[in-house]
Amino acid sequence: MNTKYLEELNDAQNAAVIHTEGPVMIIAGAGSGKTRVLTYRIAHLLCMNVDAFHILALTFTNKAAKEMRNRIERIAGNEARNLWMGTFHAVFAKILRIEAERLLFPVNFTIYDTDDSRSLMKSIIREQALDDKLYKPEVILNRISAAKNNLYSWQDYQNNAQFIADDYASGKPKIAELFELYVKRCRRNSAMDFDDLLFNMYDLINRFPEALHKYQHKFKYILVDEFQDTNFVQYSILKKLAAAFENICVVGDDAQSIYAFRGANIRNILTFEKDYPDLKVFKLEQNYRSTKTIVNAANSLIEKNKTRLKKEVWTHNETGRKISVLRALSDNEEGMMVANSIFETRVNHQWHNHDFAILYRTNAQSRSMEEALRKMNIPYRIYGGLSFYKRKEIKDILAYFRLAINPDDEEALKRVINVPARGIGKTTLDRLVVTGAEQDRSAWSLITDSSNPCGVNSSTLQRLSDFALMIQGFSLKLKTESAYDLATYICTSSGLLRELYHDKTPEGLSRYENVQELLNGIREFVETGRSITPQGDPGINQDEGQVRTLEMYMQDIALLTDADEGDEKNKDTVSLMTVHAAKGLEFPAVFVVGLEENLFPSQLSLNDREDLEEERRLFYVAITRAEKLLTLSWATSRYRWGNLINCEPSRFLEEIDPEFLEEVSPRHPHSGNPVLEDHPAERWESRKYDRGRGNGSSRPIGTTQSVLKKVNTPEVRNFTGDDTSHIQPGMQVEHEKFGKGKVLLVEGNASDRKATICFNGFGNKQILLKYARLKML
DNA sequence: GGAGGCCTCGGAAGG
DNA sequence: CGAGGCCTCC
């Protein structure tokens, strides 16, 4: 390999790349080629004959890791596959599985996502008979999370007078106890939550010198992206891992730190300088992305922040157009103006839809934008929102998978023990919980205990043991069957697929398709042998030629939060997203909307200088996404929670040097507008946004329904029932949800009349005739 | 089991 | 306003 690639770098970038030994900090301004430097640096290490197995590269998102791996592969070829690269959580999860035994966890431990954590905390609060209005699961979990992220164990917490006093003062003295119970329950369930992946990683290398030594010598070179977003535990792990060689390179931009609200600490940048006195600092200040106007406007804004490092971002690019400021009379008009402007710019500059992005502070603002874009027949795509893996039907299936792999996973068990319905109701579940708490046993150990420890009646006992047998049957196949074969088997024999298949409502159809989509993804995983998550897998379970099992699949997706799109990139759509979601992206034309006081900056940021500064950095991130055209808009009134409110323009508009701004005179968007009608062809386009994982994340379902209603889609839902007054046993009927069936029995009078009907695939159901809309066949 | 009524609450979001 | 949670009722 030659080092010709170095010629593609400017002086500052080049210096940052070739200085490979010792601690390095790269302060990289927006659009200064940060990712480029990071990837070239890794390529350069490989060139210098550093073994890829000795390089650890950490990012915050799967997306960033994936992109970096691709780029390195392009420069460095296959050797890049052996890098340890991925998110903090993914890499540490991998290590924790290898080292699970030391921490007394089984290798097959489950990773709990925030929903699992919430559900577990909720049950604990209930079991403790605490008021869940006072002890809100999210609030308690936030407190626990903050503790873990600052390396306080539950014991530390209980011994910390300050924490105890704070909790007492806030009227929630039981938090310390809940912390302990939560940790113990996670362990009983053989589960770690997201914070545990970090906390336990630290614990591992802190308590086991052999483990520390092993990974210190494994990772001779450590690189960290988005360093400004690291929290205390992440920083502590990095410092320990790097202690042997001190070849640690961190890249970040203090001006783009927008996650302090969840524990990220910009001050890590300052601490880093203190911790490594011989630190070499490089500053990347030349911006390659944006026009002079945009770069200078951004500079004039961020100057208003007091907490920041010295850095002068500049560009050789053209001056470009001034930044347009639009004032609308309402949120709807704001949408119209933006849509109009996109329409015109597209024509005037011969641009594509995918050259445009609309960025907003809160998700709720997407509605007026969507409506306007639909009216103008401009295709768009919303990023963020309900992720594929967060959908109920997907979570149900994954819960079966999880249970097969780790039967102690009580959150998974509670989720599916009665899905589809198999007569194990609330009463039984309560008994399991109570007995479990009394005897400190997992629900699984209770339902597999034939001595009936919960004292349920014999038919329930039978149902429980049937369920346990079914799960055990799944577990037996884990090591032998491929992920796809077993997944299909589980979907079928659990009855999940059948239940979904019979649901012919549009939502039901969509759910069924999603399940098929999941199975397709698993098939692809098995057949291509390609990981969905980006980190390479030099450690475990990548034996070539070996069948890819469901366990491997679950490890692969455990830390995925949104379906990575990729193949949809060629779609020509306008991008809509929150400013947070736009971090790291760039577009030729950017609209930042809703620039009003109490919205952007958010109302909640106004009382605290630090919060306001974070809000300003957020706005800085927003405007530095733009390459050529930037438009800022605000409305003098908008609907908020059902009320029309008056709005003042954002202070941020005044903070940008006015020489870069240009007020666009309000022009009524209705005049001379060529396309304002609803276009029937479009509704299918809109509908598609809600489907499957192909779109990655999709639109909130509620919005889609309103779309369907609005354009008068032929009603699949409109299931008209017949008059059932003459219903008799033996008749064939059809039910909206359960499909066709035969009437077995009719009983009761008047409003109490109910029928027992045997449905194909659903068995006998008692239906109240007053309510069920039955079709007589 | 599920449909409907009532209440609550509303920030951005990585893994 | 609208989504989600909880309770009640048949």
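Backbone-only contact: N418(A) has heavy atoms under 4.0 Å from sugar-phosphate atoms and none from a base. The residue T114(A) sits close to a base: some heavy atom pair falls under 4.0 Å. Counting non-hydrogen atoms under 4.0 angstrom, R640(A) reaches nothing in the nucleic acid. If you check every strand for non-hydrogen atoms under 4.0 Å, D195(A) touches a base. As judged by a 4.0 angstrom heavy-atom cut-off over every strand, E615(A) is placed among the base-contacting residues. Residue T578(A) is in sugar-phosphate contact alone, with no base atom involved, counting any heavy-atom pair closer than 4.0 Å across all strands shown.
Annotation: cation-pi geometry not satisfied between R391(A) and F388(A) (NZ/CZ under 6.0 angstrom from ring centroid, within 45° of ring axis).
Note: CG (L96(A)) to C1' (dG15(B)) measures 14 Å, nearest angstrom. Rounded to whole Å, atom C1' of dC1(C) lies 12 Å from atom CG of D331(A). Counting to the nearest Å, the P atom of dG1(B) and the CD1 atom of I417(A) are 13 Å from each other. Atom CG in D608(A) sits about 19 Å away from atom P in dG11(B), given to the nearest Å. In this structure, the CG atom of D115(A) is 13 Å from the P atom of dG14(B), given to the nearest Å. Look at CZ on F88(A): it is 13 Å from P on dG15(B), rounded to the nearest Å. One can place NE2 of H580(A) at 10 Å from P of dG14(B), the figure rounded to the nearest angstrom. Distance Q365(A) CD to dA12(B) P: 9 Å, rounded to the nearest Å.
For H89(A) and L604(A), each mapped to the nucleotide of DNA chain B holding its nearest heavy atom, the one lying further toward the 5' end belongs to L604(A).
In this structure, of dG1(B), dA13(B), dG14(B), it is dG14(B) that holds the atom nearest to the side chain of T61(A). Residue T362(A) has its side chain nearest to dG11(B) when only dA13(B), dG15(B), dG11(B) are considered. Checking dG15(B), dG11(B), dA13(B) against every side-chain atom of F194(A), the shortest atom distance belongs to dG15(B). Of the listed nucleotides (dG1(B), dA13(B), dG15(B)), dG15(B) has the atom at the smallest distance from the side chain of N62(A).
No donor-acceptor pair under 3.5 Å is formed between the side chain of S119(A) and the backbone N or O of D115(A).
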Between the protein and nucleotides 7-10 of chain B, are there any N/O to N/O pairs under 3.5 Å, and if so, what are the atom names and distances?
residue: dG10(B); atom: N3; partner: W641(A); partner atom: NE1; Å: 3.1

Taking only nitrogen or oxygen atoms into account, show me every contact under 3.5 Å that the protein makes with nucleotides 4-8 of chain C, one pair per line with its distance.
residue: dC6(C); atom: OP1; partner: R126(A); partner atom: NH2; Å: 3.4

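Listed by chain and residue number, F600(A), F652(A) satisfy the ring-ring contact (aromatic ring centres under 6.0 Å, His included) test with F619(A) (two or more places apart in sequence, or in another chain).
Taking atom P in both dG4(C) and dA13(B), one finds a spacing of 16 Å when rounded to whole Å.
Between atom CZ of residue R118(A) and atom OG of residue S123(A) there is a gap of 12.0 Å, rounded to the nearest 0.5 Å.
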Notebook entry, point to check: Please walk me through it: do D113(A) and K390(A) pass salt bridge (Lys or Arg N to Asp or Glu O under 4.0 Å)?
Noted result: CA-CA 10 Å; D113(A) 67 15; K390(A) 287 227 164 98; over 6 Å; no
Margin query: For a salt bridge (Lys or Arg N to Asp or Glu O under 4.0 Å) check, start with the C-alpha distance between D132(A) and K136(A), then their side-chain angles and the critical distance, and finish with the verdict.
Written below: CA-CA 5 Å; D132(A) 62 1; K136(A) 291 183 182 161; over 6 Å; no
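Each of R609(A), R617(A), E614(A) was scored for a side chain to side chain contact (heavy atoms under 4.5 Å, CB included) with N305(A), with one residue passing: R617(A).
For D254(A) and S257(A), the side-chain atoms include no donor-acceptor pair closer than 3.5 Å. Inspection of the Y182(A) and S117(A) side chains reveals an N or O donor paired with an N or O acceptor under 3.5 Å.
The aromatic ring of F261(A) stacks onto the base of dA12(B), its centre lying under 5.5 Å from the centre of the six-membered base ring with the two planes under 30° apart.
Across all non-hydrogen atoms, the minimal contact from R361(A) to L599(A) is CG-O, 3.2 Å.
The aromatic rings of F105(A) and F109(A) lie perpendicular to each other, with more than 60° between the two planes, well past the 30° mark.
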